[in-house]
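Here's the structure we're looking at; comments come further down.
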Amino acid sequence: MASVSNLTNLTPVSATSTGSRSSSVIPKSSVNIRSFNAKLSSASHLSLRYNQQTRPSLFVRCSASGGNGSTEKRTTLHDLYEKEGQSPWYDNLCRPVTDLLPFIARGVRGVTSNPAIFQKAISTSDAYNDQFRTLVESGITDIKKAYWELVVKDIQDACKLFEPIYDQTEAEDGYVSVEVSPLLADDTKTTVEAAKLLHKAVNRRNVYIKIPATSPCIPSIRDVIASGISVNVTLIFSLARYEAVIDAYLDGLEASGLDDLSRVTSVASFFVSRVDTLMDKMLEKIGTPEALDLRGKAAVAQAALAYKLYQKKFSGPRWEALVKKGAKKQRLLWASTSVKNPAYSDTLYVAPLIGPDTVSTMPDQALEAFIDHGTVKRTIDANVSEAEEVYSALEKLGIDWNKVGEQLEEEGVDSFKKSFESLLGTLQDKANTLKLASH
C-alpha cells in the first residue's frame with residue numbers, strides 16, 4: 001500500500017510556505033498507512049439527535065459521547081433512487097465511520113467530503129486523538145503527512161461500508177469522495193500527480209478523487225480520467241465551465257486506451273445554494289421589482305439548464321462510440337444543497353432537482369428535511385422553459401453568469417484553502433502539546 005509521504009511533497013509551482021505552524025516538530029520518520037490502521041476509538045460516536053418534537057433525526061455531529069440508536073426503515077431516499085433514478089448521498093464524514101450504517105439503511109448511497117468537513121471533524125472530535133498521538137510518537141516530521149494519514153484512514157473505512165452498493169450497481173454508486181489539496185487548484189501538473197498518489201494511497205475501488213473545476217485543473221481532470229482513475233469534479237458554478245468539465249471527461253475516456261471503460265466513472269458536482277446567496281445580494285442591490293422577484297430562482301434555473309446540457313452532451317455518435325466500450329455517463333451531482341436563507345423552503349435545492357442519472361449530496365439539515373417531508377417526483381426538467389426565462393431575465397438585468405461563476409469558484413477555493421490551513425494549524429498545536437507533555 002502506498003505511503004502518504006509523497007503527498008506532502010506536492011506543492012504548487014508558485015507556492016510559498018504556509019508558515020511556521022506547519023513546520024516539523026519531531027525527528028524525521030517515514031509513515032506508511034498500513035502501519036497506522038488503529039482501531040476506531042470506542043469512546044467517540046456520531047450521536048443521532050432528536051428535536052423537540054421527538055421526531056427521529058439523522059442530524060449528526062462528531063462528539064465524545066452518544067450512540068447509534070437509529071431505527072432502520074424505508075424512507076423517501078429509497079423511493080428517490082428506485083422510482084426516479086436519483087442517488088442520495090451524504091455530504092459529511094467523521095469518526096467513527098461505522099455510524100454511517102444507519103444512513104445506508106435509510107437509503108444513502110455514497111459520501112462526499114471536502115477540506116471544510118475534515119477541518120470540522122478533526123478539530124472538534126477526540127476520536128482522532130489516538131491515531132494522531134501514535135503518529136506524533138512515531139516521529140512524523142510533517143504535519144501535512146499526519147493530516148493525510150487521518151483523512152485516508154476515514155476514506156478507506158467509509159469505502160469499505162459502501163462496497164456492497166458499489167458491487168450491486170456495477171460501479172455506478174457506492175462512492176466515497178476525497179479531495180486533493182486545495183492549495184493545488186491553480187496547478188495543472190501537480191494536481192495530476194496528487195490525484196494519482198491519493199488514489200494509490202487510499203487503494204479502494206470505490207473512491208472518487210475530487211478535483212476542482214478551475215481552469216488550470218480542467219486538463220488535470222482529462223489526464224486523471226485517461227489514467228483510469230474515477231473523478232468527482234467539484235466547484236462547478238456555471239454552464240460554460242460545466243461543459244468544459246464534460247469535454248474533459250470525454251477526452252479522458254478517449255485518451256485512456258482502455259478497451260473496458262466501465263470502471264472509470266465520474267460525477268460533476270454542480271453547486272446550487274451558493275449561487276442564490278450571491279445572486280440574491282446582486283438582485284437586492286439592483287432593487288427593482290423585477291430584480292427582487294427573481295430572488296431564490298437563479299440556482300435552480302441554472303441547474304435545470306445544466307441537466308439539459310447533460311442530456312445533449314451524452315448523446316450522439318461520439319458518446320455512442322464510448323458506450324460500446326462500456327463507458328458510463330458522468331452524472332450530475334447537485335452539491336451545496338443546504339438552504340442558507342431561512343425564508344426559503346428547506347428542500348429548495350433538493351426537491352426541484354430530482355431526475356434520473358443524477359446524484360444529490362445532502363448535508364445533515366437537507367437530508368433530514370427531505371426524509372421528513374420531501375416529495376419524490378421527477379422535477380428537474382418539468383419547467384425548462386421557465387428556467388430559460390429566469391436565466392435570460394437575469395442577463396437582461398446586466399448579470400454576467402460567467403463572472404458570477406468565476407467569483408463563486410474563487411470564493412470556494414479560498415474557503416477550502418482556509419479550512420485546510422486552519423486544520424494544519426490545529427494539528428500543529430496538538431502536536432506541540434503532545435511533544436511538551438512527553439518531556
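Count residues from 1 along the sequence. Just so you know, these numbers use all the heavy atoms, side chains as well, and skip hydrogens, waters and symmetry mates.
When ring centroids are compared, Phe420 and Tyr147 come within the 6.0 Å threshold. Between Trp401 and Tyr391, the ring center distance clears the sub-6.0 Å criterion.
Ionic pairing of Arg295 and Glu284 is present here: one or more N-O contacts between side-chain nitrogen and carboxylate oxygen are shorter than 4.0 angstrom. The pair Asp381-Arg378 meets the salt-bridge criterion, with a side-chain N (NZ, NE, NH1 or NH2) lying under 4.0 Å from an Asp/Glu carboxylate O. With salt bridges taken as basic N to acidic carboxylate O contacts below 4.0 Å, none links Asp414 and Lys418. For the pair Glu411 and Arg274, the salt-bridge criterion is not met [side-chain N within less than 4.0 Å of a carboxylate O]. Under a 4.0 Å N-O distance rule, the pair Arg95/Asp154 qualifies as a salt bridge. A salt bridge links Arg318 with Asp251: the distance from a Lys NZ or Arg NE/NH1/NH2 to an Asp or Glu carboxylate oxygen falls below 4.0 Å. The pair Asp247-Arg222 fails the salt-bridge criterion, with no side-chain N (NZ, NE, NH1 or NH2) lying under 4.0 Å from an Asp/Glu carboxylate O.
Of the residues Asn114, Thr112, Val151, the one that meets the side-chain contact (heavy atoms from CB on, under 4.5 Å) test with Val178 is Val151.
A heavy-atom distance below 4.5 Å is found between the side chains of Leu150 and Gln131. At a threshold of 4.5 Å between non-hydrogen side-chain atoms, the residues Ser262 and Lys328 count as touching. The shortest distance between side-chain heavy atoms of Arg106 and Leu367 does not fall below 4.5 Å. Between Lys340 and Asp276, every side-chain heavy-atom pair lies at or beyond the 4.5 Å cut-off. Side-chain atoms of Glu82 and Arg74, non-hydrogen and from C-beta on, do get closer than 4.5 Å to each other.
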(request) Carefully, step by step, assess Lys160 and Glu163 under the rule side-chain contact (heavy atoms from CB on, under 4.5 Å). (result) CA-CA 5 Å; Lys160 185 67 176 178; Glu163 269 186 348; 3.7 Å; yes
(message) Does Thr358 form a side chain to side chain donor-acceptor pair (under 3.5 Å) with Tyr310? I'd like the steps, not just the answer.
(response) CA-CA 10 Å; Thr358 60; Tyr310 159 83; over 6 Å; no
(request) Could you go through the side chain to side chain donor-acceptor pair (under 3.5 Å) check for Arg331 and Ser87 one step at a time? (result) CA-CA 10 Å; Arg331 291 188 295 173; Ser87 296; 3.0 Å; yes
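The shortest heavy-atom contact between Ile155 and Val176 is CD1-CG1, 3.8 Å. Shortest non-hydrogen contact noted between Leu278 and Val404 is CD2-CG1, 3.8 Å. Residues Arg205 and Tyr166 share a closest heavy-atom pair of O-OH, 3.6 Å. The minimum heavy-atom distance between Gly107 and Pro88, with the atom names listed, is O-CG, 3.3 Å. Between Leu333 and Val267, the shortest heavy-atom contact is CD1-CG2, 4.0 Å. Closest heavy-atom contact between Val224 and Ile211: CG2-CD1, 3.8 Å.
Side-chain N or O atoms of Thr234 include none that pairs as donor or acceptor with a backbone N or O of Pro212 at under 3.5 Å. Of the possible donor and acceptor atoms, one in the side chain of Ser266 sits under 3.5 Å from a partner among the backbone N and O of Val231. Listed for the Thr379 side chain is a donor-acceptor partner under 3.5 Å among the backbone atoms of Ile354. Using a distance-only test at 3.5 Å, with no hydrogens or angles considered, no donor-acceptor pair links the side chain of Thr347 to the main chain of Val350.
Applying the ring pair (Phe, Tyr, Trp, His ring centres under 6.0 Å) criterion to Phe162, with sequence neighbours excluded, gives no partner residue.
In this model, no donor atom of one side chain and acceptor atom of the other lie less than 3.5 Å apart for Tyr344 and Ser273. When only modelled atom types and interatomic distance are considered, Lys73 and Thr75 share no side-chain donor-acceptor pair under 3.5 Å. With hydrogens and angles left out, the side-chain atoms of Asp173 and Tyr81 include no donor and acceptor closer than 3.5 Å.
Around atom NZ of Lys196, no more than 12 heavy atoms belonging to other residues, nucleotides or ligands sit under 6.0 Å away. The number of heavy atoms from other shown groups lying within 6.0 Å of NZ (Lys189) does not exceed 12. Within 6.0 Å of the CD atom in Glu410, the count of heavy atoms belonging to other residues, nucleotides or ligands does not exceed 12. No more than 12 heavy-atom neighbours from other residues, nucleotides or ligands sit within 6.0 angstrom of NZ on Lys83.
Between Trp89 and Tyr208, the two ring planes are tilted [angle within 30° to 60°]. The aromatic rings of Trp334 and Phe270 sit perpendicular to each other, their planes meeting at more than 60°, with 30° as the lower class boundary.
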